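What you see is a predicted model; the values in this text were computed from it and never measured. Lettering follows sequence order; numbering is per chain, from 1.
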Amino acid sequence: MLQKSSSIERHTIAVLVDNEAGVLARVVGLFSGRGYNIESLTVAETDHAARTSRITVVTSGTRQVIEQIEAQLGRLVSVHRVVNWTIAKPGIEREMALVKVSGHGEKRTEAMRIAEIFRARVVDTTLASFVFEITGPPDKLDTFIDLMRPLGLLDMSRTGVAAIARGEGAM
Amino acid sequence: MYAETARTRPQEPASAGALILSGAKIVIRALKEQGVTHIFGYPGGAVLPIYDALFESEGIIHVLCRHEQGAAHAAEGYARSTGKAGVVLVTSGPGATNAVTGLTDALMDSIPVVMLSGQVASHLIGTDAFQECDTVGITRPCTKHNWLVKDVNLLARTIHQAFQIATSGRPGPVVVDIPKDVQVKTGTYESKESARHPGIRPKLEPELVSIVRAVEMMAAAKKPVFYTGGGIINAGPEASRHLRELVKLTGFPVTSTLMGLGAISATDPQWLGMLGMHGTFEANHAMHDCDLMVCIGARFDDRVTGRIDAFSPHSRKIHIDIDASQINKIVRVDLAIVADAARALKEMLHFWKTQNHAVDADALAQWWNQIETWRGRRCLEFRSSATQIKPQLAIDRLYAATRGRDLYITTEVGQHQMWAAQRFGIDGPNRWMTSGGLGTMGYGLPAAIGVQAAHPEALVIDIAGEASVQMTIQEMSTAVQYNLPIKIFILNNEWMGMVRQWQQLLHGERYSQSYSAALPDFVKLAEAYGCVGLRCTSPDELDDKIAQMLAVDAPVLFDCRVDPKENVYPMIPSGAAHNEMILSGADEDAPTIDEDGKMLV
Ligand SMILES: Cc1ncc(C[n+]2csc(CCOP(=O)(O)OP(=O)(O)O)c2C)c(N)n1
Ligand SMILES: [Mg+2]
């Protein structure tokens, strides 16, 4: 039977694609058309000469669904390679967030103190607000943001995950 | 945002000997270089330059259909019956959107179709110009790949790659959208060889270790069955030949999906008939009880598997498919082989012979005994009538009257399609054209046109329903214009019979909107189109009328008035397992359909 294991897993998948207009629509359309999840998605050209871009998708599903996602991506003509960092290679994942917090007095000090612990940098400040820049694995960002909520979290912007293999291996 | 033309630009700019042509002429030249003999199309403002180039060119027959959906299905029929890509030419906007059903149909059934569409001039794109639509956006999910060509110098390359992609690996439809200015501008022609897409290298050859493993599993099996699908047809006639040899050599039973009919001859004693929702009792029970399932070029579609958690519970499964994404999609298999069906079968034959494998003869004999008892239920039998034509009888007589002919069958969608699949024995690959995955009413008539255009001397019959056929009936006019003597054999039960059947079985006989209270007089309609109409109302005139139809060298609309109440049996009700079939309307032990079943299609 198909559902050997039906627990939901989260996977980070890198997709090397031709950097041509419409390619993102193909990838995103595949996810929406087949009902797969996208938790985050980043895309940028990574090889100008070869005109290729790397898309990094964080997705979730059962093992079978994840296998299907990889196989379906592999069918797209614009896709050169698909690598599942969660399975294929031990990968490093990083995400960046800009987090705006406003507050006075004790809350403001507390926000600063927590930011130091998380090694978040202050990139903008007024008498009533901070913008922190924080980089790390997504769950570290989640924790930081949760802690900022009661301290006056105003706004935030996250980049989504970028991933790469450890060691000498390359995609 | 639009998909761009081709992956890499031509290396050198136009050199001295380069062939400089208008975009429209590049299109025609590229089609000729691809060996295209027929285009199915419909003109309009945004493709006029291509039509103009076609006007003065020789060697390509343009079949002017009456609707772009008709053109797309005709191209599918052409493709399915020849193994070559079918070509469609349409204008922008409504021309392209009308063809979408045909593209989706081709995607679902893996049919190679190359559609060229006109687009408004490049500088007008994005301005809501007259007859502008986002063709590549609309067709992205219903094609294997598509392109908007913005540079005339990339036009030839894109068209060549379009053919390459449509026909390689698992075949499918592609769209090349060409703005009008690109058709008019001049650019360099590039030949087929230099334009090959470097990234298209489907894995055709099987891993030999897996083949060795597969034949070992086959030799060890006690209750094996081959489950074969449309992939065998797509892999070319050689795949069918290998399959037949392997079936003969092993003595294993074999069943086919709706798309796979003809790969093995319907007269082969080892063939169990079609499987699935309206498959035979013996095929479905063999699938359920087998200990080894060898699936080749099929995809465990829900029409085939029935209730998935009860699907063939005790078998080990081998799955051979050219498309890796089909493996473990619905059903987990024990051995996966990604390969072209013909090559895989060839290797299986080779290793079966050279490793001197033999079947477990006793076990196999027992298995066949069991299968014969299932066969003994004679699940396709029906109650005959002296006064009313039973639709099953009509199919049987049509089959009898056409034995031995060079024959191609197309169908529409509904009960008639299932009766045809169950009873009209298809003897060879590429002889059976039906809309399986999408289930498109209106497919069969235009598909027959495409088949007949490709095989002018053959007998081409569309087994139709009176509701389906009206969806593309206008294509009779095309058949008349091109002297394509297709025979449209309508099982006229006055109902959308398949809908009526489901309403009877699942919705308490509340027949909501499934009766066509007004139907055209098909005989007069035929005459209005300038072809021949025949009507048959009683069983005793059936053979004569069929003979009359076959004697006519012109398109015929045959209005066969059949019992309006007949249902298709056997049937696996939705949500049931393979061994829970309803054998007939009078089946006392039939499982009832529960609320969960109602939610399934
Ligand atoms: C384009 C389209 N619309 C609706 C359906 C749903 N549908 C499936 S079978 C059917 C009835 C077909 O009636 P008819 O052609 O008379 O065939 P019969 O079942 O009576 O043999 C309908 C409406 C479909 N398959 N295709
Ligand atoms: Mg009907």
Side-chain angles (χ1 to χ4, degrees), chain A residues 1-7 9 13 15-36 41 43-45 47-53 55 59 61-84 87-88, chain B residues 1-9 107 125 134-148 150 154 161-162 164-166 168-170 172 174 177 197-200 202-203 300 305 307-313 317 321-333 336 338:
Chain A
M1 262 317 305
L2 180 66
Q3 304 302 64
K4 197 171 63 183
S5 137
S6 55
S7 64
E9 301 176 6
I13 296 171
V15 193
L16 188 66
V17 298
D18 285 316
N19 180 18
E20 56 192 15
V23 66
L24 189 58
R26 287 183 205 285
V27 170
V28 170
L30 188 147
F31 275 78
S32 65
R34 292 187 182 267
Y36 306 143
L41 183 141
V43 53
E45 188 173 73
D47 185 339
H48 186 68
R51 295 175 65 218
T52 52
S53 296
I55 297 177
T59 182
T62 60
R63 248 322 149 86
Q64 281 74 22
V65 167
I66 302 284
E67 279 175 20
Q68 265 296 298
I69 291 173
E70 292 175 47
Q72 294 291 350
L73 283 168
R75 291 171 78 195
L76 297 179
V77 171
S78 316
V79 168
H80 291 251
R81 288 201 63 196
V82 180
V83 175
N84 184 332
I87 297 177
Chain B
M1 299 234 290
Y2 292 95
E4 212 164 296
T5 317
R7 177 165 307 198
T8 40
R9 295 174 170 267
L107 185 74
I125 288 176
D134 178 4
T135 300
V136 288
I138 290 168
T139 61
R140 196 177 288 125
C142 61
T143 51
K144 237 182 123 174
H145 199 61
N146 63 9
W147 301 260
L148 173 73
K150 291 195 249 175
L154 295 175
Q161 293 188 353
Q164 188 190 350
I165 289 168
S168 62
R170 179 177 178 185
V174 296
D177 198 28
H197 192 303
I200 303 299
K203 182 177 171 299
F300 299 89
T305 59
R307 200 174 96 212
I308 198 74
D309 60 6
F311 175 71
S312 193
K317 299 174 185 74
D321 205 291
I322 197 160
D323 178 358
S325 74
Q326 297 312 306
I327 289 170
N328 294 331
K329 183 180 73 173
I330 308 286
V331 170
R332 274 250 159 228
V333 296
V338 177

Beyond-backbone contact of [X] with [Y], side-chain heavy atoms, under 4.5 angstrom:
{"X": "A/E70", "Y": "B/S325", "value": "no"}
{"X": "A/V77", "Y": "B/H197", "value": "yes"}
{"X": "B/K329", "Y": "A/Q64", "value": "no"}

Task: Engaged part of B/I200 at the chain A interface, taking heavy atoms whose separation is under 4.5 Å - done: side chain

Open item on the list: Between B/N328 and A/R63, is there a side-chain donor-acceptor contact under 3.5 Å, judged purely by atom types and distance?
Closed with: no

- [ ] Could you tell me which of B/K144, B/R170, B/Q326 has the largest number of non-hydrogen atom pairs under 4.5 Å with chain A?
- [x] B/R170

Task: Spacing of A/E20 atom CD and B/L148 atom CG [to the nearest 0.5 Å] - done: 11.5 Å

Open item on the list: With a 4.5 angstrom heavy-atom cut-off, is it the side chain or the backbone of A/Q72 that approaches chain B, or both, or neither?
Closed with: both

TODO: Apply side-chain contact (heavy atoms from CB on, under 4.5 Å) to the pair A/L30 and B/R140, showing each step before the final yes or no.
DONE: CA-CA 10 Å; A/L30 188 147; B/R140 196 177 288 125; over 6 Å; no

